[in-house]
Engineer: 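Below are the structure tokens for one structure; questions will follow.
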Amino acid sequence: MNVDEFGLILFVERFEQCVRFYQKLLQLPVRRSQDTLVCFELQTGYLMVEKGGVAQPGEKTRVHNPTVLRFDVKDLSKQVHHLKERGIHFLEERRVFDWGTIAVFLDPDGNRIEIGEVNATSASYS
């Protein structure tokens, strides 16, 4: 398979709130926008937010959404600080694993999002 680019489509119920969340709070640049979807530019592909999902109060369980959006960053504590200044509420600000550290928060539909910092000595996740 010869892949030009990787993308992820996230179906949401609270479309306008989710678009605002990803654009204003996470500051992802918009690649294109239509009535029912917004495509955000990522360094290695795209994230498309599209109408048609189901929101949950609080975090969706793995039964409802067995997916986590993970954004790896160079300086986790700095990114947590910046996101908190923009109004992001974290479920966990620092969870340490052998391979690195994550922080956890939710989008307006209850989709789990993690930002992670991989240890320099770790070549892979486990």
Side-chain angles (χ1 to χ4, degrees):
M1 183 166 71
N2 186 7
V3 177
D4 289 333
E5 181 177 42
F6 176 79
L8 178 69
I9 300 171
L10 183 63
F11 291 99
V12 299
E13 181 177 345
R14 298 177 180 125
F15 179 72
E16 290 80 13
Q17 291 171 307
C18 286
V19 168
R20 231 178 355 267
F21 176 86
Y22 287 101
Q23 184 177 12
K24 301 295 183 190
L25 296 179
L26 296 190
Q27 298 183 335
L28 298 179
V30 174
R31 181 188 286 190
R32 74 174 184 276
S33 180
Q34 299 174 347
D35 290 340
T36 61
L37 65 87
V38 175
C39 186
F40 294 98
E41 188 74 38
L42 298 176
Q43 188 174 19
T44 56
Y46 62 87
L47 170 65
M48 187 178 297
V49 175
E50 188 169 348
K51 288 182 179 180
V54 177
Q56 294 287 324
E59 183 176 356
K60 291 180 182 178
T61 66
R62 289 187 181 182
V63 170
H64 294 106
N65 184 10
T67 303
V68 174
L69 296 178
R70 166 79 60 77
F71 299 96
D72 288 337
V73 297
K74 298 274 188 232
D75 187 337
L76 181 64
S77 60
K78 181 178 178 180
Q79 291 301 318
V80 167
H81 176 75
H82 289 315
L83 290 172
K84 284 176 73 174
E85 284 182 333
R86 292 186 212 136
I88 299 287
H89 168 75
F90 283 85
L91 301 178
E92 294 183 73
E93 290 185 28
R94 184 172 178 79
R95 186 168 183 193
V96 179
F97 297 91
D98 290 342
W99 54 263
T101 307
I102 63 169
V104 180
F105 57 100
L106 305 176
D107 76 3
D109 258 25
N111 295 300
R112 183 182 177 103
I113 301 171
E114 298 175 355
I115 52 175
E117 182 178 343
V118 178
N119 294 337
T121 58
S122 178
S124 64
Y125 298 101
S126 32

Engineer: Can you get from L42 to L8 by hopping between Ile, Leu, Val, Met, Phe, Trp and Tyr side chains that sit under 4.5 Å apart?
Structural biologist: yes
Engineer: Which heavy atom of E13 sits nearest a heavy atom of D109, and at what distance?
Structural biologist: N-OD2, 2.6 Å
Engineer: Does any part of the side chain of L91, heavy atoms only, come nearer than 4.5 Å to the side chain of E59, both counted from C-beta?
Structural biologist: yes
Engineer: For D75, does the CG atom sit with more than 12 other heavy atoms under 6.0 Å from it, leaving out its own atoms?
Structural biologist: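 Atom CG in D75 is packed in, count exceeds 12.
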Engineer: Which heavy atom in K60 sits nearest to a heavy atom in N65, and how many Å separate them?
Structural biologist: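 Residues K60 and N65, closest heavy atoms: CD-CB, 3.8 Å.
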Engineer: Please determine whether residues V68 and V104 belong to a single hydrophobic cluster, defined as Ile, Leu, Val, Met, Phe, Trp and Tyr linked transitively by side-chain heavy-atom distances below 4.5 Å.
Structural biologist: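 In one cluster: no.
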Engineer: Kindly indicate, with the supporting measurements, whether the criterion side chain to side chain contact (heavy atoms under 4.5 Å, CB included) is fulfilled by V30 and F40.
Structural biologist: CA-CA 4 Å; V30 174; F40 294 98; 3.8 Å; yes
Engineer: Evaluate the criterion salt bridge (Lys or Arg N to Asp or Glu O under 4.0 Å) for residue pair K84 and E93; output intermediate values, then yes/no.
Structural biologist: CA-CA 10 Å; K84 284 176 73 174; E93 290 185 28; 2.9 Å; yes
Engineer: How many angstroms lie between CG in L10 and CZ in F15, if you round to the nearest 0.5 Å?
Structural biologist: 11.0 Å
Engineer: Got a second to check how far Q27's CD is from Y22's OH, nearest 0.5 Å?
Structural biologist: 15.0 Å
Engineer: Would you say V49 and D107 make side-chain contact, with heavy atoms under 4.5 Å?
Structural biologist: no
Engineer: Do L47 and L25 share a hydrophobic cluster, counting only Ile, Leu, Val, Met, Phe, Trp and Tyr and linking them when any side-chain heavy atoms are less than 4.5 Å apart?
Structural biologist: yes
Engineer: Looking only at heavy atoms, which two atoms of V3 and F6 are closest? And how far apart?
Structural biologist: CG1-N, 4.5 Å
Engineer: Let me confirm one number: the CZ-CD1 distance from F71 to I113, rounded to the nearest 0.5 Å.
Structural biologist: 6.0 Å
Engineer: Does V38 share a hydrophobic cluster with L69, counting links as ILVMFWY side-chain heavy atoms below 4.5 Å and allowing steps through other members?
Structural biologist: yes
Engineer: Testing the basics here: between M48 and R32, what is the closest heavy-atom pair and its distance to 0.1 Å?
Structural biologist: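 The answer is CE-NH2, 3.4 Å.
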Engineer: OG1/T101 to CG/N119 distance, rounded to the nearest 0.5 angstrom?
Structural biologist: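 Going from the OG1 atom of T101 to the CG atom of N119 covers 6.0 Å.
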Engineer: Roughly how far apart are F11 CZ and K51 NZ, rounded to 0.5 Å?
Structural biologist: 13.5 Å
Engineer: Which heavy atom of I88 sits nearest to which heavy atom of F21, and what is that distance?
Structural biologist: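 So the two residues come closest at CD1-CE1, 3.4 Å.
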Engineer: Flag the pair N111 / V12 as yes when at least one side-chain heavy-atom distance between them is below 4.5 Å, and no otherwise.
Structural biologist: yes
Engineer: On a heavy-atom basis, which atom in E41 and which in R31 lie closest, and how many Å separate them?
Structural biologist: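 Looking at all heavy atoms of both residues, the closest pair is OE1-NE, 2.8 Å.
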Engineer: Can you tell me how far CD of E114 sits from CG of L106, rounded to the nearest 0.5 angstrom?
Structural biologist: 10.5 Å
Engineer: Taking C-beta and beyond as the side chain, do E92 and I102 meet within less than 4.5 Å on heavy atoms?
Structural biologist: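 Contact flag for E92/I102 side chains = no.
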Engineer: Ignoring hydrogens and angles, tell me if any N or O in the side chain of E117 forms a donor-acceptor pair with the backbone of L76 under 3.5 Å.
Structural biologist: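 Yes.
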